[in-house]
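Below is one structure, written out as structure tokens; the observations come after it.
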Amino acid sequence: MTESNPYIASWQSPSNIALVKYWGKKGPQLPANPSISFTLDNAITSTQIEAIHSENQNQVSIEFYFEDAKNPAFESKILAYLDIVRSEFYWLANHQLIIHSKNTFPHSSGIASSASAFSALALCLCDLHAQITGETFPNFYEKASHWARIGSGSACRSVYGGFNLWGHSNNILNSSDLHAINIDENVHDNFKTLTDTILIVEKGKKSVSSTQGHALLKEHPFAQLRYQLANENTNQLLSILKSGEIKDFIGLVEAEALMLHALMMTSPTPFILIKPNTLAVLEKIWEFRNQTDLNLLFTLDAGANVHLISTAEHNEQVQNFVKNELVGYCQNGLYFCNAIGQGPKNIKNA
Ligand code: PMV
């Protein structure tokens, strides 16, 4: 062990939006099908961890502050996570952690923060690992992706900028269920300027969590068909991303979003996360696209909010459309604009 007590790691990590959705698990936090996302530039978690050497600790010990206040609910979630990852980060047995975390977006806005949060946490742990043990991981980001996945599956796609694939796909060498890989070199320039305007239809906690949603796939009558279609959509999206065919992109991404919610509605214990205003926004988007023929489309997360995606050349028209026709459907008029993000940043010495 090297001597520098306390050790500090500090990382910013973004959220991401899935185009082909991860929905359903196999084994220990492995995806039932591959998924593809792009990283956002404006929905970010910043996490700093101070690791203080302390002997005679039998269990992982932390103090967790979210937005400068102690947060027992998040603290116990993180403790459970650290208990799993201590098999790799063995120094957790004799270091106490003081963790400060904050988001650039309001945490009750309905924007999923687990992807950015677990990605930032895993990056800090990998960074501290090198500082404390002197052992560096041969592929730092791949390792961080692996451990981010254990916290929240979608988090493994947040450790890189641009477009990312998680899950084994026959067509892509190096693809893996264990961690995400960056696929930017196979993405046409047409897709490099996408923007994502997140329309906050409903703030606050969802009635059914992602964890519960994934679990419901286990006894879902359409599960096997879904996994087959998701594999086909992954292959198709990979070739669309390469060719630059934006119209095909629109069809596939919207179908994926609707299939995700159709799965929720048809599960043995059905549930509905979209709201009347979600549907109203989708209809407005279709109407506007029919009238203008602009390259704009929607996708949905596991929630009521709508991600309005478009290419940068239409930015002005799309932002006017949002202000004139969509903002009325957003709770408190709330929406966030994102471009494709560059990925995490080490901010320790920034
Ligand atoms: O990472 P989780 O367990 O929160 O699941 C994310 C699920 C979706 O957001 C609906 C899809 C995805 O691929 O991000």
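Basis for what follows: all heavy atoms, side chains included, without hydrogens, waters or symmetry-related copies. Numbering of ligands and ligand atoms starts at 1, following listing order. Here the structure is a predicted model, which means the values were calculated and not measured.
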Ligand 1 atoms in contact with Ala302 (distance to a heavy atom under 4.0 Å): 10 (C)
Numbering as shown, the atoms of ligand 1 that approach Asp301 to under 4.0 Å (heavy-atom distance): 9 (O)
Atom 3 (O) of ligand 1 - nearest protein heavy atom and its distance: His214 NE2, 3.1 Å
Sole candidate of Lys143, His146, His129 that passes side-chain hydrogen bond (donor to acceptor under 3.5 Å, both in side chains) when paired with Glu88: Lys143
Check: Trp147 ring centroid to Phe118 ring centroid under 6.0 Å: no
Ser152-ligand 1 polar pair, N/O distance under 3.5 Å: yes
Which of the ligand 1 atoms, numbered from 1, are nearer than 4.0 Å to a heavy atom of Gly153: 1 (O)
Sub-4.0 Å atoms of ligand 1 with respect to non-hydrogen atoms of Ala18: 12 (C), 13 (O), 14 (O)
Phe105-Phe336 aromatic ring centre distance below 6.0 Å: no
Chi angles and distances behind the side chain to side chain donor-acceptor pair (under 3.5 Å) call for Trp11, Gln48: CA-CA 6 Å; Trp11 284 79; Gln48 173 169 308; over 6 Å; no
Closest protein heavy atom to atom 7 (C) of ligand 1, given as residue, atom name and distance to 0.1 Å: Tyr22 O, 3.5 Å
side-chain hydrogen bond (donor to acceptor under 3.5 Å, both in side chains) partner of Ser158, chosen from Thr45, Asn164, Asn16: Asn16
Proximal candidate to atom 12 (C) of ligand 1 [heavy atom criterion; set Lys25, Gln29, Arg157, Arg149]: Arg157
Asp177 bridged to Lys26 by N-O distance under 4.0 Å: yes
Cationic N near anionic O, under 4.0 Å, Glu185 to Lys242: no
Top protein contact for atom 1 (O) of ligand 1, by heavy-atom distance: Ser154 OG, 2.6 Å
